[in-house]
Protein chains: 2
Amino acid sequence: MSVTIRDVALRAGVSKTTVSRVLNGRGELDERTAERVRAVIDELGYVPSARAVAFARGSARVIGMLVPSLAWPWTGEVVQAAVEVAEEAGYGMLVFTATQGEQSMRRFAGHVSAKAIDGLLVIEPDGTLDAITALHDDGLPVVLIDDRGSEPRFPSVSTTNRLGARAAAHHLLALGRHRPLVVSGEPRFGCIRERLAGFDEGYASAGVTLDPGLVVEGDFTYESGQTAAARALEAGLRFDSVFAHNDVMAAGAMAVLRGAGLRIPEDVAVVGFDDLPLAAQTDPPLTAVHQPIREMGQTAARMLLAACAGTPPPDEAIVLPTSFTVRTSTAG
Amino acid sequence: MSVTIRDVALRAGVSKTTVSRVLNGRGELDERTAERVRAVIDELGYVPSARAVAFARGSARVIGMLVPSLAWPWTGEVVQAAVEVAEEAGYGMLVFTATQGEQSMRRFAGHVSAKAIDGLLVIEPDGTLDAITALHDDGLPVVLIDDRGSEPRFPSVSTTNRLGARAAAHHLLALGRHRPLVVSGEPRFGCIRERLAGFDEGYASAGVTLDPGLVVEGDFTYESGQTAAARALEAGLRFDSVFAHNDVMAAGAMAVLRGAGLRIPEDVAVVGFDDLPLAAQTDPPLTAVHQPIREMGQTAARMLLAACAGTPPPDEAIVLPTSFTVRTSTAG
DNA sequence: CTGAAAGCGCTTACAG
DNA sequence: CTGAAAGCGCTTACAG
């Protein structure tokens with residue numbers, strides 16, 4: 001069998017308590033004793049059993065993260081940033097995906113209520129909120145990412161969706177574009193409702209009322225951006241610009257518009273949302289509202305770790321500022 | 001405190017052993033007893049402590065996955081696929097990133113040798129191979145993804161990089177393109193050496209020897225694809241096609257070529273590698289060698305879970321076939 | 001079909 | 001500064 005704390009204690013001629021103290025740097029101990037114990041630990045190649053430690057300590061030093069999918073461009077960024085913070089703090093990160101509906105949620109809830117994790121990060125809790133709420137009420141620290149307001153009882157980290165969309169409106173207004181085609185996401189997401197409202201407000205502040213017929217709902221995919229643009233063209237809608245609720249849909253829309261012989265930005269100016277790396281890689285490069293995605297992941301992870309350590313998380317939602325990146329798709 | 005197996009046993013008037021049997025469906029037991037126990041479990045809202053179970057059982061039902069970064073397009077796909085398989089089997093997935101060099105590896109090795117996980121999936125073990133080997137020798141089941149041959153002692157899942165590159169060569173040959181610019185990845189990766197070799201072989205089989213001056217090393221980023229194309233143009237190299245070792249570099253190269261007034265595919269035909277969703281979204285859409293990325297993640301996860309369950313993994317590397325997707329970047 | 005008891009490998013008051 | 005002992009909450013031979 002593998003070497004345990006008992007073997008180390010025996011060989012070093014001390015008690016398991018002392019070995020444990022050396023391991024955890026707790027309590028005063030004779031430096032020479034500690035030295036001797038360390039030597040034995042090295043000699044034996046002893047590594048404490050994570051499972052035993054977790055059990056005895058009542059905490060696994062593992063946090064969980066529930067994500068809709070890891071294969072979406074922006075979730076990858078958020079998770080990566082959060083994992084880095086967790087690892088930095090000596091925590092592991094257990095990922096759960098909610099792609100498989102009911103059943104994956106059941107399994108997830110099992111893991112979690114079984115105390116396999118010390119805290120939970122959640123991206124877009126759409127459809128999982130009941131489960132999350134139950135866990136939270138049960139004492140599990142939870143931090144939501146990108147879902148401000150929809151559930152004010154949870155600590156959360158989001159971004160200024162509303163102001164970001166307003167900035168997009170001002171930018172297009174400054175270019176004299178009064179008929180933007182809005183390619184939105186699904187309105188069940190709080191961030192989408194914010195973006196719709198902010199965009200309207202931006203135009204309203206200049207006395208321009210938007211044509212409600214120019215709002216098309218997408219689903220964040222490239223294809224839905226294509227479809228939205230294609231339908232708008234077919235329907236003969238008049239629009240001089242596009243505001244898409246993410247970069248990917250903006251790219252899809254641009255491909256269709258260009259394919260239809262329209263010039264970007266001369267005929268149609270296009271603005272995206274997120275400002276992922278791909279925004280710089282479209283043709284033409286995409287003007288976009290910039291979300292501080294990595295910062296959101298890092299901040300959420302830090303809040304959660306603090307909560308695990310006993311620091312109650314802030315009462316109001318943390319809202320990180322968006323910025324605005326101008327590229328050729330509006331500024332040709 | 002939260003309810004334990006003891007509470008359930010007491011309330012149901014049975015022993016903890018019996019409750020445990022009901023929980024795990026082990027051993028014969030009177031159906032009425034089991035029913036009664038289940039009722040108490042429901043009544044009390046009992047959920048077994050994952051930490052205690054892991055400790056007693058000697059396994060956490062958690063596998064680990066070491067990835068270079070979660071923010072790269074193709075790693076997201078692989079991890080997502082592997083997580084789905086793990087969850088399906090009731091396992092959790094602990095992710096480790098190797099982005100922070102030495103230190104993250106130390107932390108990683110700590111977690112792992114501490115038996116926090118039952119098995120390990122590794123993507124591109126570049127630079128981490130020593131640590132992995134030690135763990136493997138220590139008895140930890142390990143499956144490598146996408147690193148055939150570099151370390152034949154490990155079970156692995158990869159793809160036909162060599163044949164895929166050869167197919168690219170044949171395709172370009174059939175188009176009469178004899179001077180391809182090759183934008184490779186870093187040759188320390190086994191898959192890259194395979195792609196280089198396969199591409200040469202494809203041309204050699206038609207009696208065409210490639211100009212070694214037409215191979216440029218990239219690093220998988222869009223920017224390196226741009227740089228490669230820009231340098232080739234500046235240097236006045238003659239080339240009638242591009243074979244990039246991933247889609248992202250192909251996209252970068254195409255942007256530069258188009259910017260220089262070259263027509264794709266008329267002046268330069270372009271082939272990528274991976275065939276990620278983005279391949280269909282470039283301008284023009286990209287012809288690419290298709291890697292079965294999801295299948296790779298699923299297969300690796302299944303092999304690992306089988307190994308955790310005691311089934312020794314296959315001795316030879318599992319190599320999944322690539323296919324070839326023709327789009328406008330070569331077939332205009 | 002069921003239970004008493006040992007054991008998994010640590011941590012942590014408590015005592016000295 | 002150090003140790004004996006209890007305890008964390010399960011699982012699993014072993015016995016009946």
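Convention: sequence-line order gives letters A, B, ...; per-chain numbering from 1. Being a predicted model, the structure only gives us computed values, none of them experimental.
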Response to the item:
Readout for nucleotides 10-16 of chain D: B = base within 4.0 Å of protein heavy atom, S = sugar-phosphate only, - = neither; 5' to 3' it is BSBB---
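- Nearest heavy atoms, A:Trp74 versus A:Ile293: CB-CD1, 3.8 Å.
- The CZ atom of B:Arg32 sits 14 Å away from the C1' atom of C:dT2 (whole-angstrom rounding).
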Which donor-acceptor pairs under 3.5 Å do side chains of residues 3-14 of chain B form with protein atoms, sequence neighbours excluded?
{"from": "B:Thr4", "atom 1": "OG1", "to": "B:Arg6", "atom 2": "N", "distance (Å)": "3.1"}
{"from": "B:Asp7", "atom 1": "OD2", "to": "B:Thr4", "atom 2": "N", "distance (Å)": "2.8"}
{"from": "B:Arg11", "atom 1": "NE", "to": "B:Glu43", "atom 2": "OE2", "distance (Å)": "2.9"}
{"from": "B:Arg11", "atom 1": "NH2", "to": "B:Glu43", "atom 2": "OE2", "distance (Å)": "2.2"}

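- Taking B:Thr18 as the reference, B:Ser15 meet the side-chain hydrogen bond (donor to acceptor under 3.5 Å, both in side chains) condition, with sequence neighbours excluded.
- Judged as a salt bridge (charged side-chain N to carboxylate O under 4.0 Å, His left out), and not counting sequence neighbours, A:Asp42 has no contacts.
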Worksheet item: Can you list the steps and then say if B:Thr75 with A:Gln80 is a side-chain contact (heavy atoms from CB on, under 4.5 Å)?
Response: CA-CA 11 Å; B:Thr75 52; A:Gln80 173 68 31; over 6 Å; no
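- For DNA chain D, each stem of at least three Watson-Crick or G-U pairs (distances under 3.5 Å) is given as range with range: C:1-3 with D:14-16, C:5-12 with D:5-12, C:14-16 with D:1-3.
- The salt bridge (charged side-chain N to carboxylate O under 4.0 Å, His left out) check on B:Glu31 picks up B:Arg38, with sequence neighbours excluded.
- Distance CG (B:Leu10) to P (C:dG3): 12 Å, rounded to an integer number of Å.
- Between the CZ atom of A:Arg36 and the C1' atom of D:dT2 there is a distance of 11 Å, rounded to whole Å.
- A distance of 7.5 Å separates CG in A:Asn161 from CD1 in A:Ile192, rounded to the nearest 0.5 Å.
- The side chain of A:Thr33 contributes no N or O atom lying less than 4.0 Å from OP1 or OP2 of D:dC1.
- Judged by distance alone, the side chain of A:Thr97 and the main-chain N or O of A:Ser69 form no donor-acceptor pair under 3.5 Å.
- Remark: P of D:dC8 and CG of B:Asp7 are 11 Å apart, rounded to the nearest angstrom.
- In this pair, B:Phe55 does not lay its aromatic ring on the base of D:dC8; centres under 5.5 Å and planes under 30 degrees do not both hold.
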